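Below: one structure, written as structure tokens.
Worth knowing before you read on, the calculation uses all heavy atoms, side chains too, and leaves out hydrogens, waters and symmetry mates. Note that the structure is predicted; figures quoted are calculated from it, not measured.
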There are 2 protein chains.
Amino acid sequence: MRYSHQREGIKKIVQCTNCHPTADWIFNQTKKIIPNISLGTVYRNLKRLEEEGEINTIYDGNIVRYDWNKDPHDHLKCKVCGDLIDVQLFDDNIRETVLKKYKFKVDDVEMTIIGTCHKHT
Amino acid sequence: MRYSHQREGIKKIVQCTNCHPTADWIFNQTKKIIPNISLGTVYRNLKRLEEEGEINTIYDGNIVRYDWNKDPHDHLKCKVCGDLIDVQLFDDNIRETVLKKYKFKVDDVEMTIIGTCHKHT
DNA sequence: TCTATATATAGTAATAATTCCTATTACTAT
DNA sequence: ATAGTAATAGGAATTATTACTATATATAGA
Ligand SMILES: [Mn+2]
Ligand SMILES: [Mn+2]
Ligand SMILES: [Zn+2]
Ligand SMILES: [Zn+2]
């Protein structure tokens with residue numbers, strides 16, 4: 001894959017936040033550095049970066065977000081402020097249990113915990 | 001909420017399958033019973049039924065599906081055939097762990113386990 | 001360094017899913 | 001039956017994403 005100034009900018013923007021940004025947010029931030037970048041370029045490169053394993057696409061309900069955190073982790077979704085917070089939990093024995101009980105070979109466990117975050121005591 | 005023939009038809013269709021159908025699938029099935037039903041009516045009534053607690057909306061990646069199974073349960077997502085299978089697992093001590101560790105009050109745990117189902121030994 | 005060529009981009013058009021709008025129809029209580 | 005309210009069909013509008021195309025850019029090799 002050929003180097004591109006735009007892709008580097010997008011990558012930097014995504015990697016500098018932990019807010020799990022949307023394509024539109026990334027587009028607006030990247031425009032501050034590369035003013036004439038186009039939205040199509042953002043989408044195309046986000047897809048490329050995902051293919052390269054640099055980022056992950058996550059689906060927050062019907063909202064598509066991007067995540068640079070490559071460690072396996074889960075998310076807390078606050079239904080008051082909408083924040084999506086990274087957490088390290090346990091997929092412990094889920095793989096084995098599911099394999100035995102349902103004959104289903106597990107590749108990945110995606111868990112989102114919905115509730116209220118500490119900001120809204 | 002006033003009775004409607006269309007809503008009853010939609011509800012029946014959704015309740016008679018365990019395939020977690022999309023709005024479009026539901027629309028096409030309902031048309032067989034109510035030929036001149038409109039897609040807007042399907043969307044409007046699916047939303048109504050969800051508000052009434054009759055069904056749940058589930059997000060399978062970027063695909064929106066509907067689920068009549070009101071028991072708390074998780075899903076196995078087969079990446080070969082695309083099937084979404086209901087499973088009963090354990091949200092056991094997740095609530096307490098998350099509350100203690102992250103001061104996050106849990107309402108709901110959504111888990112999707114991605115892998116390969118028994119049909120593709 | 002220069003050039004040829006493959007690849008990436010900007011800008012715009014197209015697509016798809018969902019919601020909105022409005023005139024018409026159906027139900028319910030008087 | 002009538003009036004008032006609620007729901008519908010059909011189509012337009014909206015939104016997120018992808019496709020297209022002419023131009024620009026990165027880079028391999030002379
Ligand atoms: Mn994350
Ligand atoms: Mn289900
Ligand atoms: Zn919050
Ligand atoms: Zn399968």
Which nucleotides of DNA chain C pair, in dot-bracket form (Watson-Crick or G-U under 3.5 Å, | meaning another strand) | ||||||||||||||||||||||||||||||
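Taken residue by residue, residues 2-18 of chain B places heavy atoms nearer than 4.0 Å to DNA chain D at Arg2(B), Ser4(B), Gln6(B). Listed by residue number, the members of residues 28-36 of chain A with any heavy atom below 4.0 angstrom from DNA chain C are Asn36(A).
With sequence neighbours excluded, no residue forms a salt bridge (charged side-chain N to carboxylate O under 4.0 Å, His left out) with Lys12(B). Listed by chain and number, the residues in a side chain to side chain donor-acceptor pair (under 3.5 Å) with Ser4(A) amount to none (sequence neighbours excluded). Partners of Lys105(B) under the salt bridge (charged side-chain N to carboxylate O under 4.0 Å, His left out) rule, at least two apart in sequence or in another chain, are Asp107(B).
Considering only heavy atoms from C-beta on, Val98(A) comes within 4.5 Å of Leu76(B) through its side chain.
A straight line from CD1 of Ile37(A) to C1' of dG11(C) spans 13 Å, rounded to a whole angstrom. Atom CZ of Arg65(B) and atom P of dA17(C) are 12 Å apart (whole Å). The separation between Asp60(B) atom CG and dA17(C) atom P is 14 Å, rounded to whole Å. Atom CG in Asn45(B) sits roughly 15 Å away from atom P in dT18(C) (whole-Å rounding).
Taking all atoms of both residues into account, the shortest heavy-atom contact from Leu89(B) to Tyr102(A) is CD2-CE1, 4.4 Å.
Taking 4.0 angstrom as the limit, Thr41(B) places none of its side-chain polar atoms (N or O) nearer than this to OP1 or OP2 of dT8(D).
Pairs passing the ring pair (Phe, Tyr, Trp, His ring centres under 6.0 Å) check and including a residue from residues 2-38 of chain A, sequence neighbours excluded, read His20(A)-His75(A). Note on residues 32-43 of chain A: no pairs pass salt bridge (Lys or Arg N to Asp or Glu O under 4.0 Å), not counting sequence neighbours. Within the structure, side chain to side chain donor-acceptor pair (under 3.5 Å) contacts touching residues 110-121 of chain A (residues at least two apart or in different chains) are Asp83(A)-Lys119(A).
Trp68(B) places a side-chain N or O within 3.5 Å of a backbone atom of Thr17(B) that can act as its donor or acceptor partner. The main-chain N or O of Val109(B) is never found under 3.5 Å from a side-chain atom of Arg95(B) such that the two would form a donor-acceptor pair. At distances below 3.5 Å, at least one donor-acceptor pair connects side-chain atoms of Arg7(B) with backbone N or O atoms of Arg2(B).
By the 4.5 Å side-chain criterion applied to Ile, Leu, Val, Met, Phe, Trp and Tyr, Val80(B) is assigned to no cluster and stands alone.
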Which pairs, protein N/O on one side and nucleotides 11-20 of chain D N/O on the other, fall under 3.5 Å?
{"unit_1": "dT17(D)", "atom_1": "OP2", "unit_2": "Tyr43(A)", "atom_2": "OH", "d": "2.2"}
{"unit_1": "dT17(D)", "atom_1": "O5'", "unit_2": "Tyr43(A)", "atom_2": "OH", "d": "3.2"}
{"unit_1": "dT18(D)", "atom_1": "OP1", "unit_2": "Lys47(A)", "atom_2": "NZ", "d": "3.3"}

Under 3.5 Å, which donor-acceptor pairs link side chains of residues 51-63 of chain B to any protein atom two or more places apart or in another chain?
{"unit_1": "Thr57(B)", "atom_1": "OG1", "unit_2": "Glu50(B)", "atom_2": "OE1", "d": "2.6"}
{"unit_1": "Thr57(B)", "atom_1": "OG1", "unit_2": "Glu50(B)", "atom_2": "OE2", "d": "3.4"}
{"unit_1": "Asp60(B)", "atom_1": "OD1", "unit_2": "Lys77(B)", "atom_2": "NZ", "d": "3.2"}
{"unit_1": "Asp60(B)", "atom_1": "OD2", "unit_2": "Arg65(B)", "atom_2": "NE", "d": "2.9"}
{"unit_1": "Asp60(B)", "atom_1": "OD2", "unit_2": "Lys77(B)", "atom_2": "NZ", "d": "3.0"}

